[in-house]
Amino acid sequence: MLVYLINIFLIMVWALIFCTGKRTRLKKTMFVGICFAQCFLISAYRYGIGADYSQYAVGFFSMARDGFSVMSYEDWEIGYILLNKIIGIFTAQPSVFIMVTSFIILTGPAYLILRYSVNPFMSVFLYVNLYLFYLDMNYLRQAIAMSILCFAYGFLRDKRFWRFLLIVAVAACFHLTVLYMIPVYLVSLLKVNTRSMTLYLFGLLFYYILSDGVLNIILSKFHTEYSGSIFIESGIYFYYAFFPLLICAGMVALSYFAKNKSRSLELLMHLTLMMGFWQIVMTKHALFERFSYYTMLFVVLAIPEAINAFRDQLKINLREKYTKAYKGKDNDENSRVAVRIADGKTAVAVALVTVGVLLLAFAYNMMGLIIPENGVHGVLPYQLQGGSQIPSIDSLFKN
């Protein structure tokens, strides 16, 4: 656990250095680059970290040994198999394979935050605290698909369907579940209002009525290994969904509070609502946890964008309020006082919201590290390649 806490502490240190004062492109690039470089070191030099680590290490060794004469392995997708084969040309060492996949997996989120985030510190902080970083060390195939998907965000926002579809198709070569993002594109064309949110509620209603029967039909033909498994018969504990659903509730409230919503905010609201939808769904069938991560990935952009929209609307509302209070006063000083009061109260409100989000995100992270025996996604106890272990403080928290 110590390595993850140090990672978070250093992110805050770099934020004080690079994210304060005058904002420049260079400072933003250095901040994101340094933060993801240290995440890369944690991911690339790990050993046995991630619940599926052994499965992927054995799979790589087997595919590297067979070479290109065998182009299949279990039910894994062709893109992932091809990646294993290419790396296997140069080495059969799983440690090198982990390094290469770690680089590929982290490239997408780093690009997404650098290119689109309005608050890179909060985005990076959320990335490492919402279990996304831990997922990247566990679900390798899906994590690569998610990394590729990051490059489709601009096309999703700008409604360029064919370019978006092309990137999704490439990502599907590593994990087919990313095809779920195609209907996401269609839903995201809707305005976020009461009618569109009602669709999510109807979706949940039909899911709880029909899910068992539909899953039995699907799993009788595809991925039969999941039929009757714990992933279908039980769900994720609700407390894992609490913070994501709190974010979702805040986004619903903002949709009514903000008068003028940009296309990017509308899109990010939809992605957050979809994350909330799957967070509820996975409490019945754990298998659907995977779908929630595709949209949770973009929550690292959604929350900073939402806070900015909240700030802008609150400032407008308070300026109107205090300007009316000074109505009839004919000197400019009174108007300036009204503006200063409104802007001061807005700054306080935004600071409280920001600190609240950061504290809740960190608490969510700690819950995932403390409650499961080996941490969420099996990231504890952390150890380096060669069997070396970082000094452990896990027992201090777990006891």
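Please read all numbers here as calculations on a predicted model, not as lab measurements.
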Participant: Partners of F161 by ring-ring contact (aromatic ring centres under 6.0 Å, His included), sequence neighbours excluded?
Facilitator: Y185
Participant: Looking at R290, is its backbone amide N or carbonyl O close enough to the side chain of Q142 to form a donor-acceptor pair, meaning the two atoms are under 3.5 Å apart?
Facilitator: yes
Participant: Salt-bridge test for R263 and D158: reply yes if a basic N is under 4.0 Å from a carboxylate O, no otherwise.
Facilitator: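 No.
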Participant: Tell me the closest heavy-atom pair linking K345 and L318, and the distance in Å.
Facilitator: CB-CD1, 3.9 Å
Participant: Which heavy atom of G67 sits nearest a heavy atom of K85, and at what distance?
Facilitator: O-NZ, 2.5 Å
Participant: So which of L132, L112, V178 actually passes side-chain contact (heavy atoms from CB on, under 4.5 Å) with M146?
Facilitator: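 That would be L132.
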Participant: Show the numbers, then the answer: is there a side chain to side chain contact (heavy atoms under 4.5 Å, CB included) between M197 and S255?
Facilitator: CA-CA 10 Å; M197 285 189 280; S255 70; 3.7 Å; yes
Participant: Heavy atoms only: give me the nearest L126-A361 pair and the separation to one decimal.
Facilitator: CD2-CB, 3.9 Å
Participant: State, with a plain yes or no, whether a side-chain heavy atom of P244 is found less than 4.5 Å away from one of S292.
Facilitator: no
Participant: Apart from L352 itself, what residues make up its hydrophobic cluster, given side-chain heavy atom links below 4.5 Å?
Facilitator: V348
Participant: Rounded to the nearest 0.5 Å, what's the gap from OG1 on T101 to CG on N84? Could you check?
Facilitator: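 It comes to 8.5 Å.
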Participant: Would you call the rings of Y134 and Y4 parallel, tilted or perpendicular if under 30° counts as parallel and over 60° as perpendicular?
Facilitator: perpendicular
Participant: What residues form a side-chain hydrogen bond (donor to acceptor under 3.5 Å, both in side chains) with Y200, not counting sequence neighbours?
Facilitator: H270
Participant: Hey, quick one: are L2 and Y382 part of the same hydrophobic cluster, counting side-chain heavy atoms closer than 4.5 Å, chains of contacts allowed?
Facilitator: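 They do share one cluster, since a chain of ILVMFWY contacts under 4.5 Å joins L2 to Y382.
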Participant: So, using side-chain hydrogen bond (donor to acceptor under 3.5 Å, both in side chains) as the criterion, who are the partners of Y294 when residues are at least two apart?
Facilitator: T177
Participant: Report yes if the side chains of Q385 and Q93 come closer than 4.5 Å at any heavy-atom pair, otherwise no.
Facilitator: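 A side-chain contact is absent here, since even the closest heavy-atom pair is not under 4.5 Å.
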Participant: Applying side-chain hydrogen bond (donor to acceptor under 3.5 Å, both in side chains) between N317 and each of K321, K315, Q313, report the one that passes.
Facilitator: Q313
Participant: I'd like to check the side-chain contact (heavy atoms from CB on, under 4.5 Å) partners of D312; sequence neighbours left out, ordered by chain and number.
Facilitator: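 Testing D312 for side-chain contact (heavy atoms from CB on, under 4.5 Å), a comparison that skips the adjacent residues, returns none.
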Participant: Report the hydrophobic cluster partners of L201, with the cluster defined as I, L, V, M, F, W, Y residues connected by side-chain heavy atoms closer than 4.5 angstrom, directly or transitively.
Facilitator: none
Participant: How would you list, by chain and number, every residue that makes a side-chain contact (heavy atoms from CB on, under 4.5 Å) with T194, sequence neighbours excluded?
Facilitator: T198, Y256
Participant: Any luck finding a side-chain donor-acceptor pair between E289 and W278 under 3.5 Å?
Facilitator: no
Participant: To the nearest 0.5 Å, tell me how far L156 CG sits from L271 CG.
Facilitator: 6.0 Å
Participant: Could you walk me through whether T107 and F36 pass the side chain to side chain contact (heavy atoms under 4.5 Å, CB included) check?
Facilitator: CA-CA 8 Å; T107 298; F36 274 89; over 6 Å; no
Participant: Give me the atom names and distance for the closest heavy-atom approach of Q279 to Y240.
Facilitator: OE1-O, 3.6 Å
Participant: For Y180, I'd like to know if atom OH has over 12 heavy atoms of other residues, nucleotides or ligands within 6.0 Å.
Facilitator: yes
Participant: Are L130 and F362 connected into the same hydrophobic cluster when the rule is that any two of I, L, V, M, F, W, Y join if their side-chain heavy atoms are below 4.5 Å apart?
Facilitator: yes
Participant: Is the backbone of K22 close enough, under 3.5 Å, to the side chain of K27 for a donor and an acceptor to pair up by distance?
Facilitator: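 Side chain of K27 to backbone of K22: a pair is present.
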Participant: Which heavy atom of C150 sits nearest a heavy atom of L297, and at what distance?
Facilitator: SG-CD2, 3.6 Å
Participant: Would you check if F174 and L83 make a side-chain contact, meaning some heavy-atom pair closer than 4.5 Å?
Facilitator: yes
Participant: Do F133 and N7 touch side chain to side chain, with heavy atoms closer than 4.5 Å?
Facilitator: yes
Participant: In this structure, would I6 and L384 fall into the same cluster of hydrophobic residues linked by side-chain contacts under 4.5 Å?
Facilitator: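 Yes, one cluster joins them.
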Participant: Measure the shortest side-chain to side-chain distance between V379 and N374 over non-hydrogen atoms and say whether it is less than 4.5 angstrom.
Facilitator: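 With C-beta onward as the side chain, the pair stays apart.
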Participant: Out of curiosity, does V70 fall in the hydrophobic cluster containing I78 (side-chain heavy atoms, cut-off under 4.5 Å, transitive links)?
Facilitator: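 No; V70 is not reachable from I78 via cluster members.
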Participant: Under the side-chain hydrogen bond (donor to acceptor under 3.5 Å, both in side chains) test, which residues partner N129, sequence neighbours left out?
Facilitator: N365
Participant: Parallel under 30°, tilted from 30 to 60°, perpendicular over 60°: which one fits the rings of Y116 and Y153?
Facilitator: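 Judged by the thresholds at 30° and 60°, the geometry between Y116 and Y153 is perpendicular.
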Participant: Got I316 and R319 here, is their nearest side-chain heavy-atom distance under 4.5 Å?
Facilitator: no
Participant: With ring pair (Phe, Tyr, Trp, His ring centres under 6.0 Å) as the rule and sequence neighbours excluded, what pairs involving residues 85-115 come up?
Facilitator: F60-F97, Y111-F151
Participant: Less than 6.0 Å separating the ring centroids of Y53 and Y47?
Facilitator: yes
Participant: By side-chain hydrogen bond (donor to acceptor under 3.5 Å, both in side chains), which residues pair with T295, not counting sequence neighbours?
Facilitator: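 None.
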Participant: Dump the intermediate steps for side chain to side chain donor-acceptor pair (under 3.5 Å) on Q383 and R46, then the final yes or no.
Facilitator: CA-CA 6 Å; Q383 61 180 359; R46 74 190 191 275; over 6 Å; no
Participant: Mind checking what makes side-chain contact (heavy atoms from CB on, under 4.5 Å) contact with L359, not counting sequence neighbours?
Facilitator: V355
Participant: Please work out which of the three classes, parallel, tilted or perpendicular, describes the rings of Y73 and W76, given edges at 30° and 60°.
Facilitator: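 W76 vs Y73 ring planes: tilted.
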Participant: What pairs with R23 under side-chain contact (heavy atoms from CB on, under 4.5 Å), at least two apart in sequence or on another chain?
Facilitator: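 Checked R23 against side-chain contact (heavy atoms from CB on, under 4.5 Å); zero matches.
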Participant: Regarding Y56 and N138, is there a side-chain donor-to-acceptor distance under 3.5 Å anywhere?
Facilitator: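 No, no side-chain donor-acceptor contact under 3.5 Å.
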Participant: Specify the closest pair of heavy atoms between C39 and V128, including all atoms of both residues, with the distance to one decimal.
Facilitator: SG-CG1, 4.0 Å
Participant: Determine whether the aromatic ring centres of residues Y364 and F243 are separated by less than 6.0 angstrom.
Facilitator: yes
Participant: For Y239 and I371, run side chain to side chain contact (heavy atoms under 4.5 Å, CB included): C-alpha distance rounded to whole Å, both residues' side-chain angles, the deciding distance at 0.1 Å, then the answer.
Facilitator: CA-CA 11 Å; Y239 48 71; I371 294 178; 3.5 Å; yes
Participant: I would like to know whether Y139 and H175 meet ring-ring contact (aromatic ring centres under 6.0 Å, His included); could you show each step before the answer?
Facilitator: CA-CA 10 Å; Y139 298 158; H175 209 276; 8.0 Å; no
Participant: If you count heavy atoms of other groups shown closer than 6.0 angstrom to CZ of R25, is the number above 12?
Facilitator: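 Yes.
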Participant: Do M71 and L82 touch side chain to side chain, with heavy atoms closer than 4.5 Å?
Facilitator: yes
